[in-house]
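Contents: one structure, followed by commentary.
Chain naming here is simple, since letters A, B, ... match the order of the sequence lines and numbering starts at 1 in each.
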Amino acid sequence: MPVTNDEIAETFERCAALLEIEGANAFRVRAYRTAARTLRNLTQSAASLVRAGEDLAALPGIGKDLAAKIGEMTETGHLALLAELEGRMPGELAQLVAIPGLGPKRVKALHERLKIGTVEDLRRAAAAGRLRRLPGFGRKTEDKILHEIARRREIGRRIKLATAEQAAAPLLDYLKAVPGVEDAVIAGSFRRRQETVGDLDILVTCAKSAPVMKRFTTYEDVAEVVSAGTTRATVRLRSGLQVDLRVVPKASYGAALHYFTGSKAHNIAVRAIAVKKGLKLNEYGLFKGERRIAGKTEAEVFKRLGLTYIAPELRQDRGEIEAARKKRLPKLVTLADIRGDLHCHTDATDGRNTLAEMAAAAKARGYAYLAISDHTRHLTVAHGLTPKRLARQIERIDRLNETLKGIRILKASEVDILEDGRLDLPDSILEALDLTVCAVHFKFNLPADKQTERILRAMDNRHFNILAHPTGRLLGQREAYPLDMERVLRGALERGCYLEVNAQPERLDLDDLHCRMAKEIGLKVAISTDAHTTGTLGYMRYGLDVARRGWLEPDDVLNTRSWRALKKLLKRG
DNA sequence: GCCGTTTTCGGCCCGACTGTTTTCAGTCG
């Protein structure tokens, strides 16, 4: 099993944590973290690049030394440096720094003075009151550590974006109602439209901060006030969700919004540009000496730094700054570009609404087409259609299309990909469909090469059009099944097939990085909701979030086209 | 450890809050 980018990144992150505890040069530590991030953002596997003889030192943040270490890991599966570090101190110290309130300095002190090497050691020492005797520690720190250890066990880390939206809306309304508040907006990973968010970052502009801070920390859903200053406060809601509030004057709104939107890596890179120009960028504005030369809007800040406006979804330090400098940012796809939905269900299988209801709902959204893609028989739990039942549905759709104006219902099917790569419907009926959406719904645990071959064999069928939810992941519930995504994408391109971005909030599959991989090789994707109700046709915007984070433009997306143009693309030779 | 439109050496983003401090280190985002 080749070493994955994530595994190499994880190893570098462990090294960084342990080096930091050891007191290594902070910039050396950062270099390991930067390299880890570069690896996670890579659209090709580092192992295959090494095999192809590519020079990894050409990648941003990776030089000669780290390139050699990546080579070492792809060859041996291990890193000597990590083994050395773990020989000098317990490897689990790397997990201690993840506890809020503990950083490298304190972890070092805990290890040296109290021989603490594990989370359990730490819990026992804190419970026995031994922490407070260390210099720099006190009773409060000890209590906080115990509290955080207990909390770690019960609370899941990140929540889905759609769930965060539900918590955010009432809180934002509440803050907007505070007298004197001008703007209140959610920044952070929420604004970058990341698939999951760890916390909410709210930015408020107003002249006087005190009333807002008071109002915020006394919000009825607040379970705990973590910190509260004059311009910044952090609370934990009863759900466990952490919310940070920052208050700035109106003249700083743009700079603060940029700062608070992140990502951290993007901010660091943009601030470095400011430094190079002899300026200073912080959350209050862009400064030349004492004088603020920009800050009211984000656009103003970007402009003064010689950059075109960068959409929040792109702010990941994945090349967007360089592209902004060269005025080569993508013109991202928007909801207005979407002409139809290519994957949904009706009450014929596991959907809730009728064919006619789904059609009416799609028409109300202004779509030109909607593909009805109910399950096939193998998926018995969803009451999948037999060829006979599908044939009847095809007739019903034909009849419905005769009565509909302004929208066309496409005859489709979400066809199961069987274990041997065959499709779950005979060619005779596949031929009668406008398109197929094919998916893996069982045998998730095949080895990567077997799963990849299963899908590629299915794509060999000339009726295969779109691979639905290609990795099968469910956020927070189920890992993606092992798959060689590079081969799948290239295989699809060679055969005239496509992949789907499934917009269900718990799927978002393909993810943003896979979208970017597809774009790089010239493969178009469909953005589809997989709606099981009329209301969830509205999930389209979550799929767009992913596509935009993956740099996709209207041309990269299948369903920005008219049915006529789309039909040509689907036609296989 | 990385990197170069000041640089192959000497830089590397910036400020708020907390707790344990009598002036600031550590942590966080």
Please list, in numerical order, the residues of residues 249-277 of chain A that have a heavy atom closer than 4.0 Å to any atom of DNA chain B.
Tyr259(A), Lys264(A), Ile268(A), Arg271(A), Val275(A), Lys276(A)
I'd like the [atom1] distance from [M] over to [N], given in whole Å.
N: dG19(B); M: dC12(B); atom1: C1'; result: 29 Å
N: dC28(B); M: dT20(B); atom1: P; result: 15 Å
N: dG11(B); M: dA16(B); atom1: P; result: 25 Å
N: dT23(B); M: dC17(B); atom1: P; result: 22 Å
N: dT8(B); M: dG1(B); atom1: C1'; result: 15 Å
N: dT22(B); M: dG26(B); atom1: P; result: 14 Å
N: dC13(B); M: dC3(B); atom1: P; result: 14 Å

From [options], pick the nucleotide closest to the side chain of [X]?
X: Asp244(A); options: dG15(B), dG29(B), dG1(B); result: dG29(B)
X: Gln242(A); options: dG1(B), dG29(B), dG19(B); result: dG29(B)
X: Ala31(A); options: dG1(B), dA16(B), dG29(B); result: dG1(B)
X: Lys140(A); options: dG26(B), dG15(B), dT20(B); result: dT20(B)
X: Phe27(A); options: dG15(B), dT27(B), dG1(B); result: dG1(B)
X: Ser227(A); options: dG1(B), dG29(B), dT18(B); result: dT18(B)
X: Pro100(A); options: dC28(B), dC17(B), dG29(B); result: dC28(B)
X: Thr231(A); options: dC17(B), dC2(B), dG15(B); result: dC17(B)
X: Arg232(A); options: dG26(B), dC14(B), dA16(B); result: dA16(B)

Contact class for [X] (heavy atom, under 4.0 Å): base, sugar-phosphate, or nothing?
X: Ile99(A); value: sugar-phosphate
X: Pro104(A); value: sugar-phosphate
X: Lys280(A); value: sugar-phosphate
X: Arg139(A); value: sugar-phosphate
X: Ala228(A); value: sugar-phosphate
X: Gly188(A); value: nothing
X: Thr34(A); value: nothing
X: Asp199(A); value: nothing

Between [N] atom [atom2] and [X] atom [atom1], what is the distance in whole Å?
X: Leu305(A); N: dT5(B); atom1: CG; atom2: C1'; answer: 16 Å
X: Arg33(A); N: dC28(B); atom1: CZ; atom2: P; answer: 11 Å
X: Tyr284(A); N: dC13(B); atom1: OH; atom2: C1'; answer: 15 Å
X: Glu20(A); N: dG26(B); atom1: CD; atom2: C1'; answer: 11 Å
X: Arg315(A); N: dG29(B); atom1: CZ; atom2: C1'; answer: 16 Å
X: Ile186(A); N: dG29(B); atom1: CD1; atom2: P; answer: 18 Å
X: Leu82(A); N: dG1(B); atom1: CG; atom2: C1'; answer: 17 Å
X: Glu22(A); N: dG1(B); atom1: CD; atom2: P; answer: 12 Å

May I ask you to check if [X] and [Y] form a cation-pi contact, with NZ or CZ under 6.0 angstrom from the six-membered ring centre and within 45° of the axis?
X: Arg291(A); Y: Phe287(A); value: no
X: Arg292(A); Y: Tyr284(A); value: no
X: Arg33(A); Y: Phe12(A); value: no

Under 4.0 Å between a side-chain N or O of Arg30(A) and OP1 or OP2 of dC13(B)?
yes
Can a side chain N or O of Thr234(A) be found less than 4.0 Å away from OP1 or OP2 on dC28(B)?
no
5′-ward residue of the pair Arg28(A)/Lys105(A) relative to DNA chain B
Arg28(A)
Start at the 5' end of DNA chain B and walk down; is the nucleotide closest to Met213(A) or to Gly61(A) reached first?
Gly61(A)
Measuring from atom [atom1] of [X] to atom [atom2] of [Y], what distance do you get when rounded to the nearest 0.5 angstrom?
X: Ser252(A); Y: Leu286(A); atom1: OG; atom2: CG; value: 11.5 Å
X: Asp121(A); Y: Ile116(A); atom1: CG; atom2: CD1; value: 6.5 Å
X: Leu329(A); Y: Thr308(A); atom1: CG; atom2: OG1; value: 4.0 Å
X: Ile273(A); Y: Leu307(A); atom1: CD1; atom2: CG; value: 4.5 Å
X: Thr43(A); Y: Glu520(A); atom1: OG1; atom2: CD; value: 3.5 Å

Before accepting this row, confirm whether a basic side-chain N of the pair Glu13(A)/Arg40(A) lies closer than 4.0 Å to the acidic partner's carboxylate O.
yes
Over 60° means perpendicular and under 30° means parallel, so tell me whether Tyr219(A) and Tyr174(A) are parallel, tilted or perpendicular.
tilted
When both hydrogen-bonding distances must be under 3.5 Å and the geometry is Watson-Crick or G-U wobble, what is dT8(B) paired with, if anything?
none
